[in-house]
Amino acid sequence: MTAYEITKAEENDLQSVHDMAEIVFRHTYKDILSPEQMEYMMDWMYSNPNLRKQTAEGHVYFIARREGNPCGYVSVQHEGPDSEGVEVFHLHKIYVMPDAQGNGVGLKLFETVTGHVRNAVPGRKARIELNVNKYNKAVTFYKQLGMRVLLEEDFPIGNGFYKTDFIMGLDVNAVKNV
């Protein structure tokens with residue numbers, strides 16, 4: 001098994017996130033999104049100004065590297081407590097480059113997020129939530145990690161486009177050896 005290094009991204013790493021997204025986001029959604037929606041979402045989520053804005057809003061990025069080369073990324077943001085006092089963290093992005101998929105990178109990125117959440121709110125109940133396109137093959141991956149579908153909805157994202165998503169969740173205190 002290839003060794004991967006995962007580090008918290010600094011501002012100068014955001015270009016690597018953008019460059020990976022140009023490949024992996026397009027690869028993931030080429031058969032799901034129209035070309036127009038693809039371009040809209042790439043700008044909305046991955047333009048360099050929007051990546052900087054996201055970090056200013058509290059998104060924490062981690063980058064996986066194999067032999068020094070970026071091969072995956074994840075973004076998580078603390079949203080605060082829900083009505084029951086459970087601390088909610090939204091996993092905004094988790095993507096692995098096509099040539100690195102199936103080698104444990106996604107699992108390592110997810111483990112990094114669960115560790116980040118535990119360290120951010122030690123001793124408190126926490127939940128990781130994410131939106132995932134319901135036609136994305138990654139739904140199976142998330143279910144294998146113990147995530148469950150909390151909600152299914154079409155979310156307007158602007159320009160007449162919608163995200164057709166599941167919102168999935170996982171109670172972090174219930175995670176065992178992930």
Side-chain angles (χ1 to χ4, degrees), residues 4-10 13-14 17 20-21 24-25 28-29 32-33 41 44-46 50-64 71-96 100-158 161-178:
Y4 297 94
E5 175 189 29
I6 298 178
T7 57
K8 185 176 175 185
E10 303 294 331
D13 293 313
L14 295 178
V17 171
M20 283 188 283
V24 70
F25 188 83
T28 301
Y29 291 104
I32 298 173
L33 301 177
M41 291 182 75
W44 175 53
M45 295 192 312
Y46 291 111
N50 283 337
L51 287 170
R52 285 190 298 278
K53 179 181 176 201
Q54 292 163 21
T55 58
E57 293 171 346
H59 291 229
V60 177
Y61 280 87
F62 295 92
I63 296 181
C71 61
Y73 58 93
V74 65
S75 164
V76 63
Q77 180 182 30
H78 184 209
E79 294 185 344
D82 68 7
S83 62
E84 297 173 0
V86 176
E87 297 290 341
V88 177
F89 288 77
H90 199 89
L91 196 161
H92 288 281
K93 302 168 180 66
I94 180 169
Y95 289 96
V96 175
Q101 291 177 3
N103 293 310
V105 180
L107 177 61
K108 292 293 183 192
L109 286 166
F110 193 80
E111 288 172 342
T112 299
V113 168
T114 59
H116 172 78
V117 168
R118 285 188 181 110
N119 289 334
V121 291
R124 305 214 33 211
K125 289 184 179 180
R127 182 175 56 253
I128 297 170
E129 293 183 356
L130 65 84
N131 287 54
V132 60
N133 184 292
K134 62 185 176 185
Y135 303 109
N136 186 335
K137 292 183 252 179
V139 170
T140 302
F141 170 74
Y142 298 128
K143 286 181 177 179
Q144 290 171 344
L145 294 173
M147 298 192 89
R148 67 190 188 287
V149 174
L150 305 175
L151 181 67
E152 177 180 345
E153 195 166 323
D154 293 340
F155 299 93
I157 59 172
F161 296 119
Y162 288 82
K163 287 175 38 179
T164 304
D165 287 356
F166 291 131
I167 295 180
M168 299 182 78
L170 177 71
D171 294 329
V172 174
N173 49 327
V175 175
K176 299 212 182 344
N177 295 341
V178 170

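Just so you know, these numbers come straight off a predicted model, no measurement behind them.
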Residues Phe141, Gln101; criterion side-chain contact (heavy atoms from CB on, under 4.5 Å); working and verdict: CA-CA 11 Å; Phe141 170 74; Gln101 291 177 3; over 6 Å; no

Could you tell me which residues satisfy side chain to side chain donor-acceptor pair (under 3.5 Å) with Asp13, sequence neighbours excluded, listed by chain and number? Arg65

For Phe62, ring-ring contact (aromatic ring centres under 6.0 Å, His included) partners two or more places apart: His116

What closest approach, in Å, do Lys163 and Asp165 show between heavy atoms, and which atom pair accounts for it? CE-OD2, 2.8 Å

Identify the heavy atoms of Thr164 and Tyr135 that sit nearest to each other, and give their distance. CG2-CE1, 4.1 Å

Calculate, to the nearest 0.5 Å, the distance between atoms CD1 and NE2 belonging to Ile167 and His90 respectively. 7.0 Å

Check side chain to side chain contact (heavy atoms under 4.5 Å, CB included) between Ala100 and all other residues, then give those that pass, not counting sequence neighbours. Arg66, Cys71, Val96, Val105

Which residues pass the side chain to side chain donor-acceptor pair (under 3.5 Å) test with Tyr73, sequence neighbours left out? Tyr46

Listed partners of Ser75 passing side chain to side chain donor-acceptor pair (under 3.5 Å), at least two apart: His59

Using the test side chain to side chain donor-acceptor pair (under 3.5 Å), find all partners of Asn119 that sit at least two apart in sequence or belong to another chain. none

Considering all heavy atoms of both residues, which atom of Leu109 and which atom of Gly72 are nearest to each other, and what is their separation? CD1-C, 4.0 Å

Between CG of Leu130 and CZ of Phe110, what distance do you get to the nearest 0.5 Å? 7.5 Å

Exercise: identify the closest heavy-atom pair between Ile157 and Met41: CD1-CG, 3.7 Å

Do the side chains of Asn136 and Thr28 get nearer than 4.5 Å, heavy atoms only? yes

Kindly state each residue pair satisfying salt bridge (Lys or Arg N to Asp or Glu O under 4.0 Å) with at least one member in residues 79-94, sequence neighbours excluded. Asp82-Arg127, Glu87-Arg124

Using side-chain contact (heavy atoms from CB on, under 4.5 Å), reason through Val132 and Met147 one step at a time and then give a plain yes or no. CA-CA 11 Å; Val132 60; Met147 298 192 89; over 6 Å; no

Between Val117 and Ala126, the two heavy atoms sitting closest are CG1-CB, 3.6 Å

Go through the structure and list residues passing ring-ring contact (aromatic ring centres under 6.0 Å, His included) with Tyr29, not counting sequence neighbours. Phe25

Quick one, Arg52 and Leu14 - any side-chain contact, counting heavy atoms below 4.5 Å? yes

Provide the closest heavy-atom pair for Met45 versus Leu51 in the form atom of the first, atom of the second, distance. O-CD2, 3.5 Å

If you measure from CZ on Phe166 to OH on Tyr142, what distance do you get to the nearest 0.5 Å? 13.0 Å

Quick one: salt bridge (charged side-chain N to carboxylate O under 4.0 Å, His left out) partners of Lys125, sequence neighbours excluded? none

Spacing of CD belonging to Gln77 relative to CZ belonging to Phe89, to within rounding of 0.5 Å: 10.5 Å

Qualifying salt bridge (Lys or Arg N to Asp or Glu O under 4.0 Å) pairs, either residue in residues 134-150, two or more places apart: Lys134-Glu152

